[in-house]
Amino acid sequence: MTVTIRPLTAADRAAWDPLWQGYLAFYKTELAREVTDVTWSRLLDAAEDMHCLVAENDSGVMIGIVHYLYHRVTWAVADRCYLEDLFVAESARGTGAGRALIEAVYAAADAHGADQVYWLTQDFNEDGRRLYDRVGRLTPFIKYQR
């Protein structure tokens with residue numbers, strides 16, 4: 001299977017939404033519809049620093065999504081790129097779509113001049129972590145939140 005990566009468009013809502021809901025279900029999370037609607041609007045707003053790329057199979061069916069954003073940091077001059085959400089439909093896992101989406105974010109971050117791409121995952125995400133161990137480097141940081 002050939003995987004094609006492209007930017008999200010306004011016409012993609014019907015295909016994006018089930019993947020977004022699948023991502024939320026994987027992490028056992030539910031969001032108010034308002035949050036999803038605002039997220040969708042931000043992903044399409046050129047004034048926002050939030051972006052989305054989609055993966056499609058040979059038939060043009062959307063099989064994966066990645067959301068990422070840029071932000072300033074106090075430890076560097078360049079922006080950092082936070083890969084916030086990555087999801088590939090269960091039926092398309094193992095096709096290279098996840099790797100292709102991550103590599104597309106790497107390319108976008110390089111073009112933006114970001115000095116780093118980073119992401120978080122939960123410890124139980126064994127399948128994802130196998131991929132992440134091949135395309136990234138595990139750091140010693142531990143996350144806290146309020």
Test item: [X] side-chain N/O and [Y] main-chain N/O as donor-acceptor pair under 3.5 Å:
X    : Y    : answer
T29  : Y27  : yes
N125 : Q122 : no
R99  : L131 : no

(message) For residues 121-132, which residue pairs pass the salt bridge (charged side-chain N to carboxylate O under 4.0 Å, His left out) check, not counting sequence neighbours?
(response) D127-R130
(message) Among residues at least two apart in sequence or on other chains, which ones pass ring pair (Phe, Tyr, Trp, His ring centres under 6.0 Å) with Y106?
(response)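 Y106 satisfies ring pair (Phe, Tyr, Trp, His ring centres under 6.0 Å) with no residue once adjacent residues are dropped.
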(message) Can you list everything that forms a ring pair (Phe, Tyr, Trp, His ring centres under 6.0 Å) with W20? Sequence neighbours excluded, please.
(response) W16, Y23, H67
Looking at every non-hydrogen atom in both residues, tell me the closest pair between [X] and [Y] and how far apart they are.
X    : Y    : answer
L19  : A89  : CD2-CB, 3.9 Å
A104 : I5   : CB-CG2, 3.6 Å
A76  : D115 : CB-OD2, 3.2 Å
M1   : D58  : CA-OD2, 3.6 Å
V73  : A78  : CG2-O, 4.0 Å
A100 : V3   : CB-CG1, 4.3 Å

Do [X] and [Y] share a hydrophobic cluster, counting only Ile, Leu, Val, Met, Phe, Trp and Tyr and linking them when any side-chain heavy atoms are less than 4.5 Å apart?
X    : Y    : value
F26  : L120 : yes
F87  : L83  : no
V135 : V117 : yes
L24  : L69  : yes
W40  : V35  : yes

(request) Check whether more than 12 heavy atoms from other residues, nucleotides or ligands sit under 6.0 Å from atom CD of E90, and answer yes or no. (result) no
(message) Please identify which of these residues, V66, L43, L53, I65, meets the side-chain contact (heavy atoms from CB on, under 4.5 Å) condition with L8.
(response)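 For L8, the side-chain contact (heavy atoms from CB on, under 4.5 Å) test succeeds with only one of V66, L43, L53, I65, which is L43.
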Value rounded to 0.5 Å, distance of [atom1] in [X] from [atom2] in [Y]:
X    : Y    : atom1 : atom2 : result
Y70  : R80  : OH    : CZ    : 14.0 Å
C81  : Y68  : SG    : OH    : 7.0 Å
D110 : E103 : CG    : CD    : 11.5 Å
D17  : M62  : CG    : CE    : 10.5 Å

(message) I want to know whether Y132 and W119 have ring centres closer than 6.0 Å.
(response) yes
(message) Counting the benzene-type ring for Trp, do Y82 and H71 have ring centres under 6.0 Å apart?
(response)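 Not close enough - the centres of the two rings lie 6.0 Å or further apart.
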(message) Given the ring of F124, does K28 sit roughly above its face, with NZ or CZ under 6.0 Å from the centre of the six-membered ring and within 45° of the axis?
(response)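 Yes, K28 lies over the aromatic ring of F124.
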(request) Answer yes or no: is there an ion pair linking R42 with D49, defined by an N-O contact shorter than 4.0 Å? (result)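 No.
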